[in-house]
Amino acid sequence: MLHSPLFKFQHPTVAEIDLSAFKENVRQIKQLINTCKLLAVIKTNAYGHGIIPIGKKAVYAGADGLGVTTVEEGALLRDNGIDVPIHILSAITLEEVDAVIRYRLTASISSGEIARAISRTAVQFNQTAIVHLKIDTGLHRFGVDPKRAIAFCRSYYNLPSLKWEGIYTHFSSADDGDFATTEQQFALFLDTVSKLNMNGFNFPIRHVGGSTIAIERSDMHLDMVRSGIALFGYPPAQRQRGIISLKPVLKLKSKIVQIHELPANTRVGYGGKYVTRSIEKIAVVPIGHGDGYQRALSSKGETLVHGKRAKIVGIISLDQTLINVTEILDVKEGDEVVLIGKQGNEEISAREVSGWVDSIVDEVLASLMERIPRIYV
Ligand SMILES: *Cc1c(COP(=O)(O)O)cnc(C)c1O
């Protein structure tokens with residue numbers, strides 16, 4: 001932790017995390033996927049929401065397992081008393097094999113060398129290592145080439161102390177709504193699984209998709225769905241809003257720490273990139289790109305003050321952002337500024353912020369640095 005509990009209540013910039021909204025989103029996704037298992041994907045510090053409290057809440061809300069992308073995150077969850085299966089959804093290195101066994105993490109296997117090392121270490125520790133085979137159907141990040149899957153299993157499936165609990169793939173274009181490509185990848189996956197089955201290589205849990213598949217393609221749910229961003233209140237694509245109504249979990253807020261009243265034609269901020277047009281009120285908000293509030297939002301983004309929009313002016317610095325509050329009646333130092341979330345009748349969603357910088361919701365949320373205290377409500 002970067003801050004003491006006391007500091008939490010002093011720093012004006014905080015991320016408020018609504019755990020009951022999170023729980024409700026988990027419930028909604030569970031309802032969509034019915035009896036199929038839910039792997040709650042909480043990688044990258046739970047998309048910026050704080051991995052420990054979110055991990056605990058996900059289990060409490062009924063997730064069957066948790067998905068992360070680093071061994072460190074998996075170990076951290078175990079150290080905090082979480083006992084459900086924890087999947088490592090990316091490749092691991094030889095150096096991490098020991099920790100995977102010690103912390104009873106479920107590794108994704110796409111390399112023979114790693115399969116051997118996991119087997120060897122599991123034997124040493126007198127344990128059975130639960131693993132899932134990853135098949136590359138076209139994303140080309142990692143996974144076994146479908147053409148090589150049978151040969152791969154002939155070499156590694158029967159290694160001692162390995163339990164091949166599952167098999168999976170990850171789609172390249174589902175979020176973009178390219179279901180022609182997704183269906184091809186799905187067919188290739190099913191064909192690979194059935195060929196493996198015919199050769200005696202069985203995998204009880206088959207899974208292919210994240211939030212988009214949970215929301216739009218019940219025909220592809222199979223035995224488990226790996227949902228991430230939707231649990232935090234944002235369907236991956238705007239087009240899905242009609243299908244499911246999720247509640248954003250994170251609110252990012254700060255306070256005005258100083259207001260300047262400046263005459264017309266005053267240059268403001270680094271490089272004087274903004275020039276006042278008339279007498280204007282410019283407020284300083286103590287958040288910057290050092291907090292993961294992206295510099296690309298300079299002169300583009302908006303914030304909320306008194307339930308009204310206030311534009312970012314000039315260049316965002318490491319720790320400060322300047323906003324134009326000229327139009328906001330009775331504005332004063334100490335007033336709340338909402339950067340993501342609701343204030344009064346207005347709302348700035350993480351999706352809107354992502355649009356200003358040509359990014360995606362995942363990046364806007366997961367970029368928020370740990371130094372911003374998370375307050376759980
Ligand atoms: C991140 C990730 C997910 C979750 O995707 P969302 O679109 O956030 O639901 C699922 N599977 C894998 C392999 C991932 O890396």
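All ligand and atom numbering here is 1-based and tracks the order in the structure.
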Quiz item: Are any of the heavy atoms in Arg141 under 4.0 Å away from ligand 1?
Solution: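 Per 4.0 Å heavy-atom rule, Arg141 contacts ligand 1.
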
Exercise. Report the member of Arg226, Lys43, His207, His87 with the shortest heavy-atom distance to atom 10 (C) of ligand 1.
Key: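 Selected option, by shortest heavy-atom distance: Arg226.
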
Self-check item: Proximity winner for atom 6 (P) of ligand 1, if only heavy atoms of Ala230, Ser211, Ala40 are counted
Solution: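 Checking each option, the heavy atom nearest atom 6 (P) of ligand 1 is found in Ser211.
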
Quiz item: Taking the inter-plane angle between the rings of His49 and Phe232 on a 0 to 90° scale, is it parallel (under 30°), tilted (30 to 60°) or perpendicular (over 60°)?
Solution: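 Tilted: the ring planes of His49 and Phe232 meet at 30° to 60°.
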
Quiz item: Should the ring pair Tyr168 and His207 be called parallel, tilted or perpendicular, given that the plane angle runs from 0 to 90° and is split at 30 and 60?
Solution: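 Answer is parallel, since the angle falls under 30°.
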
Quiz item: How about Phe189 and Phe171: are their ring centroids closer than 6.0 Å?
Solution: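 No, they do not, as the ring centres are separated by 6.0 Å or more.
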
Quiz prompt | No-hydrogen, no-angle side-chain donor-acceptor test under 3.5 Å, Ser227 and Ser211 | solution =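 Yes, Ser211 and Ser227 have a side-chain donor paired with an acceptor closer than 3.5 Å.
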
Quiz item: atom 12 (C) of ligand 1: which protein heavy atom is closest, and how many Å away?
Solution: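 Going by distance alone, atom 12 (C) of ligand 1 is nearest to His170 CE1, 3.4 Å.
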
Mark up the atoms of ligand 1 that fall under 4.0 Å of a heavy atom belonging to [X], in ascending order.
X: Gly210; answer: 9 (O)
X: Ser227; answer: 9 (O)
X: Tyr47; answer: 1 (C), 4 (C), 5 (O), 6 (P), 8 (O)

Practice problem: Answer yes or no: is there an ion pair linking Asp136 with Arg141, defined by an N-O contact shorter than 4.0 Å? | Solution: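 Judged by the 4.0 Å cut-off on N to carboxylate O distance, Asp136 and Arg141 do not form a salt bridge.
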
Quiz item: Less than 4.0 Å between a side-chain N and a carboxylate O, is that true for Glu333 and Lys255?
Solution: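 No, Lys255 and Glu333 are not salt-bridged.
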
Quiz item: Does an N or O from Gly228, backbone or side chain, lie closer than 3.5 Å to an N or O of ligand 1?
Solution: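 Yes, there is a polar N/O contact under 3.5 Å.
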
